[in-house]
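Working notes, structure below.
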Amino acid sequence: MSKYDHQKIEKKWQKRWEKEKSFIAEFPSEKPKWYSLIEFPYPSGDGLHVGHIRSNTAIDIISRKRRMEGYNVLYPIGWDAFGLPTENYAIKTGLAPQVVTKKNTDIFRRQLKSLGFSFDWDREINTTDPEYYKWTQWMFLKFFEKGLAYKAKVAINWCPKDKIGLANEEAAGGVCDRCGGPVEKRMKEQWMIKITAYADKLLEGLKDVDYIPQAKIQQDNWIGRSEGAEIEFPIVIASEAKQSHFKIASSLSAPRNDLINVFTTRPDTILGATYVVLSPEHKLIGELENRIENLADVKNYIAAAAKKSDIERTEEGKQKTGVELKGITAINPATKEEIPVWVADYVLTGYGTGAIMAVPQHDQRDREFAEKFKLPIVDKPLVSWEEALKVTDGKKTVKYKLRDWVFSRQRYWGEPIPLIHCEQCNWVAVPEKDLPVKLPKVAKYQPTDTGESPLAAMTKWVNVKCPRCGGPAKRETDTMPNWAGSSWYFLAYIIRGESANYQLPITNYFDAFKYFTPVDWYNGGMEHTVLHLLYSRFWNRFLYDLGLVPVAEPYKKRTSHGLILGEDGVKMSKSRGNVINPDGLVKEFGADSLRLYEMFMGPFDQAIAWDPRGILGTSRFLERVWQIGTTKTTSLHSQVFKDDVGLERLLHQTIKKVSEDIETMSFNTAISAMMIFVNECVAKQTISQSVWQKFVLILAPFAPHIAEELWEVLGNKNSIHLESWPKFDPNKIVEDSFELIIQVNGKMRGKANVPIGTPQDEAEKLALEQSSVKKWIEQKTFKKVIFVKDRLINFIV
RNA sequence: GCCGAGGUGGCGAAACCGGCAAACGCGGGAGACUUAAAAUCUCCUAGUCGCAAGACUAUGCGGGUUCAAGUCCCGCCCUCGGUACCA
């Protein structure tokens with residue numbers, strides 16, 4: 001009896017897989033394809049997180065099972081390496097982000113390989129590789145070319161002390177996380193991408209995909225399509241003659257400063273509209289400035305609102321704030337009544353028209369506001385939509401919550417936006433032959449104190465000739481958001497398999513796309529189910545509309561894993577000191593034990609706290625498997641065993657359970673079923689080889705190293721991943737008896753072991769023979785007997 | 001606030017379509033083996049009352065539907081994810 005030497009055996013098989021290129025996806029191939037995808041990691045300086053292992057193992061299990069089922073599996077890996085943490089590290093240490101990224105990805109690669117994931121390492125990608133971002137830039141230029149990229153003024157977080165723009169995370173709670181000072185809002189010109197033009201397509205696409213329902217709902221709600229109406233409320237200015245301003249707009253298209261255009265999803269409630277509310281950023285306020293009698297109050301209020309984020313504005317719950325615009329009123333176009341106009345930050349600029357008609361009788365928020373400021377709440381009858389629109393001259397419109405994508409960052413560590421600004425020609429695309437526009441080396445990674453990216457200081461790099469007219473021009477110095485590179489990476493893996501340096505043009509890869517896409521199963525975190533998923537669906541849909549990719553929806557199926565929290569039940573973080581380093585666990589218990597524990601620890605889709613003792617259970621389980629596999633079967637090779645019907649039945653039940661549970665990601669119960677099987681084997685003197693062999697096969701996707709070794713011990717020459725997935729025999733899983741539950745008035749009073757298929761009359765007879773049942777029934781009369789076949793009998797007395 | 005998910009023993013959890021609540025594992029207890037310890041193996045382990053047979057109470061809280069509710073319905077409370085520049 002020798003102990004299982006995980007260190008030696010795991011290394012042995014990892015070497016062999018690498019040498020034999022066991023997990024390389026082939027193209028072209030006669031086999032059916034299977035494309036498994038995990039969200040490629042951000043290579044942070046902290047090293048691999050145990051959470052990565054959870055998601056990677058789950059999809060590894062599915063990928064390995066699919067190979068055994070005869071598929072040509074693509075399960076790729078790469079690095080989503082642009083982003084803030086690396087940049088901030090570079091700012092602090094002066095080390096180039098390129099160098100830091102190289103170091104971090106080397107660590108991640110070694111760690112991932114030590115866990116035996118069946119990745120196709122030949123297709124490894126890195127979003128910060130200029131050959132990779134050449135494509136990201138090329139695709140951005142397609143958006144530009146099609147008029148979907150445009151410039152607009154957008155509010156950013158600005159620290160007036162540090163003189164830099166801040167990410168939302170760096171400005172949490174309205175405080176700069178560098179200096180602790182207050183953060184302001186500042187308007188800045190940014191590149192935008194018109195994702196809103198795809199709102200309906202993105203909604204429709206959801207109908208055809210197999211996402212977990214909450215992911216679909218989140219996407220649906222985020223896009224937030226709502227049908228309503230725009231209705232214009234004429235303005236009355238107290239200081240002027242009222243009559244002259246009492247008019248309905250003749251043209252709805254031209255913006256006018258004597259009307260407030262509101263958006264409502266409930267035009268039918270118009271008779272109850274008792275005031276109008278503008279968002280603090282509404283431009284009418286500026287235009288009517290000299291007519292507002294309490295201008296100082298209004299300006300104070302607007303300044304205070306500017307300091308809050310949208311979330312802060314609305315989350316202060318029932319404490320609504322606002323200021324009336326004194327001297328200005330509006331006319332309800334349906335009732336012709338003069339009603340007050342307020343400014344309040346519960347109305348958001350970005351949604352609808354930035355102005356609402358308040359109907360406190362029908363809307364909770366309006367009611368709270370009205371109650372607080374003693375505004376009238378009237379109960380007027382509803383009218384039909386048609387009537388409302390007719391009497392107000394309003395028009396039906398569709399609005400979306402979805403806003404356009406802010407695509408600029410004033411940062412170094414991102415893809416340079418490949419545009420050049422020329423005084424004569426305005427914005428001009430960098431010609432395809434000049435891509436990629438590489439990130440130049442800079443001395444400082446800190447944004448400049450005008451809020452521009454550090455690239456702006458590279459005058460040599462910035463000043464170029466206009467590609468169109470040859471005149472003096474300047475490069476765009478903004479870079480792209482981290483979302484850019486991850487929006488199309490599932491295509492990059494396919495390209496990378498055909499061309500190591502991702503040669504353009506994209507049309508070369510259409511056949512490979514046709515074979516491999518869509519991704520058959522994409523797993524990721526719930527934290528990505530809105531933004532990343534939506535951005536990449538949009539990006540792919542855009543390429544599809546250009547005829548460059550063959551499928552409209554990139555991901556056929558989407559599932560989500562739960563976060564792994566620290567032992568203390570909170571998110572793992574360096575500062576809390578609750579981070580688990582997988583290296584030590586792999587060394588002490590082995591990759592298979594760790595993989596198994598992470599799959600066994602709880603339901604895959606739920607957040608769970610790390611239990612440092614939990615791995616002991618799966619490690620003991622594997623040790624038992626090893627002992628059985630090396631003593632109870634192999635030493636008795638040539639012997640003929642009497643069939644053990646009970647164990648064979650359990651084997652087939654286990655194959656069924658494990659096969660099904662993998663598909664529903666119920667890995668914890670699959671492992672529990674395998675434990676039950678192994679516990680049963682422990683009690684046996686000998687186990688027939690044919691039974692044991694099948695068990696090793698179903699264990700293989702979970703614990704591939706030990707399974708390979710035991711497979712070899714059984715006398716097999718080929719790797720276990722070349723074998724077929726075992727099928728259960730439906731005839732062999734059937735039990736012949738079951739425990740009948742006997743209830744009286746719904747309470748369990750007895751049990752009886754009876755054959756499957758026992759009819760009601762027999763069950764009744766058997767039940768009433770039991771003294772423990774009888775005493776609850778004696779001297780009472782039956783009202784009813786409920787009989788559930790092969791399960792229970794319930795006497796109502 | 002809004003959108004989404006969750007709440008079951010000392011702990012992680014299981015429970016198909018409404019049908020024995022607590023499978024499997026961790027921890028704990030007792031025993032075997034051992035000079036001893038570790039490892040391993042066997043048994044016990046929701047709570048209360050009871051000598052016992054057993055009875056009662058239990059799935060965040062309060063109601064409801066049902067022969068029967070962890071599961072379905074209504075109303076709350078708490079925790080987590082997202083909230084558009086963390087990824």
Side-chain angles (χ1 to χ4, degrees), chain A residues 1 3 39 41-42 44 80 82-85 88 154 156-157 165-172 190 195 212-215 217-222 224 309-319 346 350 364-365 401-406 408-411 481-483 486 525-532 534-535 560 562-563 565 569-571 597 600-603 605-618 620-621 623-624 627 666 668-669 671-676 679 682 739-748 751 772 783-786 788 791-796:
Chain A
M1 282 239 300
K3 261 190 80 120
E39 284 165 351
Y42 178 78
S44 85
D80 186 17
F82 277 128
L84 263 190
N88 286 338
V154 174
I156 62 162
N157 302 308
L166 298 169
N168 284 344
E169 193 189 50
E170 299 172 300
Q190 308 270 38
I195 191 172
I212 46 168
Q214 58 268 40
I217 295 167
Q218 290 264 56
Q219 294 244 324
D220 200 305
N221 290 341
W222 186 262
S309 69
D310 283 0
I311 303 168
E312 287 166 331
R313 281 188 184 192
T314 43
E315 85 184 346
E316 277 152 22
K318 305 195 164 152
Q319 285 313 305
Y346 79 96
Q364 183 66 21
R365 290 160 304 178
K401 283 214 182 76
L402 183 69
R403 311 204 292 257
D404 277 342
W405 184 3
V406 182
S408 289
R409 301 289 184 274
Q410 289 74 47
R411 297 283 184 161
N482 184 271
W483 308 108
S486 59
M526 264 323 272
E527 70 273 22
H528 290 296
T529 45
V530 176
L531 294 180
H532 159 65
L534 195 70
Y535 290 145
S560 256
L563 282 179
L565 308 168
V570 287
K571 226 175 183 168
Y597 168 57
F600 183 63
M601 66 195 302
D605 60 352
Q606 270 170 50
I608 193 162
W610 185 261
D611 176 0
R613 292 180 196 274
I615 194 170
L616 288 171
T618 53
R620 282 172 194 156
F621 164 70
E623 188 63 45
R624 249 173 265 156
Q627 295 309 331
S666 311
N668 52 337
T669 50
I671 292 166
S672 147
M674 290 192 281
M675 285 172 167
I676 291 169
N679 289 347
V682 167
E739 204 140 46
L740 177 76
I741 304 304
I742 304 158
Q743 294 182 333
V744 179
N745 286 342
K747 290 216 172 192
M748 208 266 289
K751 293 179 189 181
S772 60
K783 259 202 217 142
K784 211 201 275 184
V785 179
I786 312 262
V788 184
R791 208 176 286 269
L792 64 72
I793 187 157
N794 185 7
F795 299 96
I796 315 303

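Chain letters run A, B, ... following the sequence lines, proteins first, then strands; residues in each count from 1. What you see is a predicted model; the values in this text were computed from it and never measured.
- Not a single donor-acceptor pair, N or O on each side, falls under 3.5 Å between the base of B:C67 and the side chain of A:Lys784.
- If you find the closest nucleotide of RNA chain B to A:Thr669 and to A:Asn482, the one lying nearer the 5' end belongs to A:Thr669.
- Residue-level contact check: A:Arg403 touches the bases, meaning some heavy atom is under 4.0 Å from a base atom.
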Find every protein N or O atom lying less than 3.5 Å from an N or O atom of nucleotides 79-82 of chain B, and list the pairs.
| from | atom 1 | to | atom 2 | distance (Å) |
| --- | --- | --- | --- | --- |
| B:G81 | N2 | A:Gln218 | NE2 | 3.0 |

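- Counting any heavy atom pair closer than 4.0 Å across all strands shown, A:Pro603 reaches sugar-phosphate atoms only and no base atom.
- Note on A:Ser408: a base of the nucleic acid sits closer than 4.0 angstrom, heavy atoms only.
- The distance from atom CD1 of A:Ile796 to atom P of B:A68 is 7 Å, rounded to the nearest whole Å.
- Atom pair A:Lys3:NZ and B:A39:C1' shows a separation of 7 Å (rounding to whole Å applied).
- Regarding contacts with the backbone of B:A68, every side-chain N or O of A:Asn745 stays at 4.0 angstrom or more from both OP1 and OP2.
- A distance-only check finds no donor-acceptor pair linking the side chain of A:Asp80 to the backbone of A:Pro41 [under 3.5 Å].
- A:Tyr535 places no side-chain N or O within 3.5 Å of a backbone atom of A:Ser486 that could act as its donor or acceptor partner.
- Among the atoms of the strands shown, base atoms are found under 4.0 Å from some heavy atom of A:Gln743.
- In textbook terms, a nucleotide whose glycosidic angle is within 90° of 0 is syn, and B:G9 is one such case.
- Using a 4.0 Å heavy-atom cutoff across all strands shown, A:Ile786 reaches at least one base atom of the nucleic acid.
- For the residue pair A:Ser560 and A:Ile212, the shortest heavy atom distance occurs at CB-CD1, 3.8 Å.
- Remark on RNA chain B: of its neighbouring residues A:Asp611 and A:Glu169, the 5'-side contact belongs to A:Asp611, judged by nearest-heavy-atom nucleotide.
- Residue A:Arg620 places at least one side-chain N or O closer than 4.0 Å to OP1 or OP2 of B:G27.
- Contact annotation for A:Phe600: base contact, defined as any heavy-atom pair under 4.0 Å involving a base atom.
- Rounded to whole Å, the distance from NZ on A:Lys747 to P on B:C20 is 15 Å.
- At B:G19, none of the side-chain N or O atoms of A:Arg791 fall inside 4.0 Å of OP1 or OP2 (strictly under the cut-off).
- Counting heavy atoms of neighbouring residues, nucleotides and ligands inside a 6.0 Å radius, atom CZ of A:Arg624 exceeds 12 of them.
- Salt bridge A:Glu170/A:Arg411: present, at least one basic N to carboxylate O contact under 4.0 Å.
- A:Gln627 and A:Glu623 share a donor-acceptor pair across their side chains, judged by distance under 3.5 Å alone.
- OP1 and OP2 of B:C2 both lie 4.0 Å or more from every side-chain N or O belonging to A:Arg365.
- Taking the six-membered ring where the residue is Trp, A:Trp610 and A:Tyr597 present perpendicular rings, their angle passing 60° and hence far from 30°.
- Between B:C16 and B:C51, the distance separating the two C1' atoms is 42 Å to the nearest Å.
- With a 3.5 Å limit on both pairing distances and Watson-Crick or G-U wobble geometry required, the stems of 3 or more pairs in RNA chain B span B:1-7 with B:77-83, B:10-12 with B:24-26, B:27-32 with B:40-45, B:46-49 with B:54-57, B:60-64 with B:72-76.
- Within 4.0 Å (heavy atoms only), A:Ile741 reaches at least one base atom of the nucleic acid.
- Spacing between atom CG of A:Asn168 and atom C1' of B:A84 amounts to 8 Å, rounded to whole angstrom units.
- Among the atoms of the strands shown, none is found under 4.0 Å from any heavy atom of A:Gln219.
- Here B:A14 presents its P atom at 5 Å from CG of A:Asn668, a figure rounded to the nearest Å.
- If you take atom C1' in B:A58 and the same atom in B:U40, they sit 37 Å apart, rounded to whole Å.
- To the nearest angstrom, P of B:C86 lies 8 Å from CH2 of A:Trp483.
- Using a 4.0 Å heavy-atom criterion, one finds that A:Gln410 contacts the bases of the nucleic acid, with or without backbone contacts as well.
- If you check every strand for non-hydrogen atoms under 4.0 Å, A:Asp80 touches sugar and phosphate atoms only.
- Nearest heavy-atom pair, A:Leu84 versus A:Ala167, reported as atom, atom and distance to 0.1 Å: CD1-CB, 3.6 Å.
- For the C1' atom pair drawn from B:G10 and B:A5, the interatomic distance equals 26 Å after rounding to whole Å.
- Under the 90° criterion around 0 for the glycosidic angle, B:C17 counts as syn.
- Heavy atoms of A:Leu792 sit under 4.0 angstrom from at least one base atom.
- Residue A:Ile671 is out of contact with every strand shown, counting any heavy-atom pair closer than 4.0 Å.
- Between the CD atom of A:Glu170 and the P atom of B:C86 there is a distance of 8 Å, rounded to whole Å.
- In the interface, the side chain of A:Asn794 is paired with the base of B:C67 through a donor and an acceptor atom under 3.5 Å apart.
- Nucleic acid contact for A:Leu534: none, since no nucleic acid atom lies under 4.0 Å from a heavy atom of the residue.
- Residue-level contact check: A:Asp605 touches neither bases nor backbone, having no heavy atom under 4.0 Å from any strand.
- For A:Met675 and B:G12, the CE to P distance is 17 Å, given to the nearest whole Å.
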